[in-house]
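Right, one structure below, let's go through it.
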Amino acid sequence: MFSRRAFMIAGAQFLGFAALGARLYYLGVVQGDEYRVRADKNRVSLRLIPPVRGRILDARGRDLATNRQDFRVFLVPEQAGNVALTLDRLGRIVQLDDRDTARLMRQIKRQRRFLPVTVAQGLNWETFSRVNVSIPELPGVVPDSGMSRAYPAGPSVAHLVGYLSTAGEDEIGDNPLYQLPGFKIGRQGLERQYEGRLRGTAGTRRVEVNSVGREIRELPGRQEATPGEDIHLSIDLELQNLAAEVMGEHSAGAVVIDVRTGEIVTLASSPSFDPNDFALGISQANWSALMNDQRKPLLNKCLTGQYPPGSTFKSVVALAALEAGVITEETEFFCNGKHPLGDHVFHCHLRRGHGRVNVSQALSKSCDVFFYNIAHKLDIDKIAEMARHFGLGHTLDIGLEGEKPGLVPDRAWKRAVLGQRWNLGETLNVSIGQGAMLTTPLQLAVMTARLASGRLVEPTLEQRAYGGDFMFGNLPVKPENLAIVRRGLEMVTEVGGTAHDYSRGKGKAKLAGKTGTAQVRRITRAERVTGVIKNEDLPWEMRDHALYIAYGPVEAPTYAAGILVEHGSSGSKVAAPIARALIDRAIELENGTVPREGEEVASVPAMLRPQGEVS
Amino acid sequence: MRGASRMFGPSRVNKSLWQRLRGLSWSMVLVNLAIACIGFAILYSVAGGSLDPWASTQMKRFGILFIAMIVIAVVDIRVWMALSYPAWFTCLIMLLAVEIAGAVGMGGQRWLDIGPMRVQPSELMKIAVVMALARYFHGRDFYQSRRLTSLIIPAMLILIPAALVVIQPDLGTGITIVGGGVAILFLAGLPAWIFWSAGIAVAAAVPIGWQFLHDYQKNRVLTFLNPESDPLGAGYQITQSKIALGSGGLTGKGFLEGTQSQLNFLPEMKTDFIYTVLAEEFGLIGGLILLSLYMVVLTYGLLTGIGSRSQYGRLLAVGLSCTLYFYVLINVGMVMGLLPVVGVPLPMVSYGGSAMMTWLIAYGLILSAALHRHVNLAPKGSGLA
């Protein structure tokens, strides 16, 4: 009996061992291949090498956006175990206050556990070393010396270059590059627009990792990252800085274009912000201040601000009238300050009137009545057609997000949008750049460049190589008509013109220009009777926008500018000096009158001189 | 019987120490040594190819305990029989001491510090329960043992220590104690229907007992049932263990080349999961060799029982063989994902002294039983005058 039972136990033991052996056979031989793959997956991790982001350079190769060495510390919550304890220890080294800790804890809760959070950045070498020494007591903490974005040019190019920030949870998707600690993507401006070119291609390296993901050794087969492309802009940092300086506290936009190549040398919007603040994470207070400023510092007014062009548009209307044969150089109209139409009276900006004026005088004195008279004979669609030749009413695609198309109203537009017939009063309004007309400062600059050169100048932010050929086709207008308009614009800056150029310095180029005022409010008939309230007596947000377009030198225009100062009241007093300063400096920089380090002055090829020049 | 006599040596009852040493089953001693050496090799590998810190310590422990095993083996089995009840009581007191110390604030403490040694009373209890039961059933003939009333004392001998161990909490050791005890009850001749009904009762008690389990124990069982449900948490160990075992294949990745173990993917790899390291580096063949060695020494224990003249010797040898068998079965079954993870080391191979001590003491007793298999013990006592 005992032996029988003992043998039963022996049999049971044998069966147990047989089961273990069979299981081992099943795992190692039957499923062995699968487990070997899983073991390698465990062990070998493909790590990305982040590419160095391309720089953004100005026309002279100066850095607008660059990379600089940055010591920083990340925390991978998944590996940290006790996150609070680790943060507490780390906080004693890198100085975290309670608010920082709270913010980090919130961030850790929000995102996935394997994503690193940036605990501190911009550390000095000493602090960074102390973190490295303490690593054994700081699980999950990853010290890293990487590149961070820097904007040495600061606020003056902020709207242009934009800034970077960490990719959001929804953007990360399957892109493993975005999961790298501290990896950031372009958020605005060129940083966003050229993201694909600037980013480069990540490299890869195969590393053997242990169970907590720590690297043990690198395996062969490293593929280096391809750095991002440098973007060479046509922007000149000196002009950009000057623009910021002369615009000062104004809410304004200034665009300067090289008439010959279409290169935008200045695209400045004021007020601005410091993109470096964004690079290291902007503070809440700073952000609210930017958001709540009624002058909208975050907006690039050159592209996104749409304003009535005011009298600056008269140059286009005049050309359209000449082209249509409605007027000639000699045609005169009498201005007594008023122009009745039906039961409505249209007023000239000069209440007492300009007397008899021809087209050049009408432009130089900005006589409204002259253009009201034209409007009776010139169909709105003709005006609109000419406006489109000048780059108005559509986006110019300089490659920046948010560019607005403006608006050139015509019959079709009114029918489509408002479902109404066009009426003559509206043509009168459009003829002086009011009504539904909307333009951006960039469009004004392009319009001016086309007026100055007679060519279909296309703007660009990137440097254009000078070819052996004309860069752009001709405007579909007669050169002599263009010359008549240009003469009018020259007279603007002469004695008796609306922008008599007192600020023209000795030896500076003569510029042609045109002032503009865009009403923000409607002036009622009652107010006209009691006297129009002066702009200075109105609250800021009700004052007129001041505009100015200019090009120069008049003999052979090289630069054209479009300036807008929101609620600046007077185009001649506020906007014209900005254009003067910028064009002067642009010419000086080109001619080498202002010495530039190691620079040869390129002379302008004769073939690039503007068409229809009056000599 | 001639074959058996050749197997177990000369049959004289009272022998000199020299005769007893000569009669010792040296082949089994060598097999045990071989198992221990496999353990040293794996500990050497786990340390990344270094004797320090584990292999060297383990070798020193083994040296002492190995000599202890031989000493135990040559001591007359009547001495051990006489010490059976005292051993049980001593272990019980030690268990209570641990229990009280643990309750006083050491958490789930399982060991006592006695001088330089750390003794885990629950380990010694595994042996003591078998000894006490063997002692109890010695002298009770087969049919006497079938009476249910004679079950009361054996039940207490098993359940009191088992309960103390389980609340430590150490479920694995508790199961081993009960398993060894039940094996002896079976061998002692308890009617088979008792085991059937006990089996059914246990099955019925599972839902009730479930409520008394600690959360981590519940988790282990749940994770065992579906390890992939929590691959980074409780199922991590078993998933990683299976990956390491499976990736070893037929012949393994080679000594010191086990990537999963060398890269710390395996938790507890020098203790509970050491078999995984072996199987990863030496493959199916290495794993089977170690299992075979265990089977050889354990089968020898069973044969010793079958060949023993005294009831005490029979029950002791077979009961200890079963106790040791549970060790191996639970540990290897656990790392292979066949059994829940209950934290049982692989004796002689896992790093640590307690399991090794239990194994070598128990095997010393098996060897002693083999050496003294012809001793005819008095029905009621040790037979010592």
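In what follows, every heavy atom counts, from backbone to side chain, and hydrogens, waters and symmetry copies are set aside.
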Which portion of B:Val318 sits near chain A, non-hydrogen atoms under 4.5 angstrom: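 Only the side chain of B:Val318 comes within 4.5 Å of chain A.
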Check: A:Arg103 and A:Asp100 side chains under 4.5 Å, non-hydrogen atoms: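 They are in side-chain contact.
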Report, one line per pair, each donor and acceptor closer than 3.5 Å where one atom sits in a side chain of residues 286-295 of chain B; sequence neighbours left out.
from     : atom 1 : to       : atom 2 : distance (Å)
B:Ser292 : OG     : B:Leu288 : O      : 2.6
B:Tyr294 : OH     : B:Pro347 : O      : 2.6

Which atoms of A:Gln13 approach chain B - backbone, side chain, both or neither, heavy atom under 4.5 Å: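 The answer is both parts of A:Gln13.
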A:Glu34 with B:Lys242: basic N within carboxylate O range, under 4.0 Å: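 Result for this pair is no, no salt bridge flagged.
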SB check B:Lys253 B:Glu280 (cutoff 4.0 Å):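 Yes, B:Lys253 and B:Glu280 are salt-bridged.
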Selection from B:Ala183, B:Ser321, B:Ala279, B:Gly248 maximising heavy-atom pairs under 4.5 Å formed with chain A: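 That would be B:Ser321.
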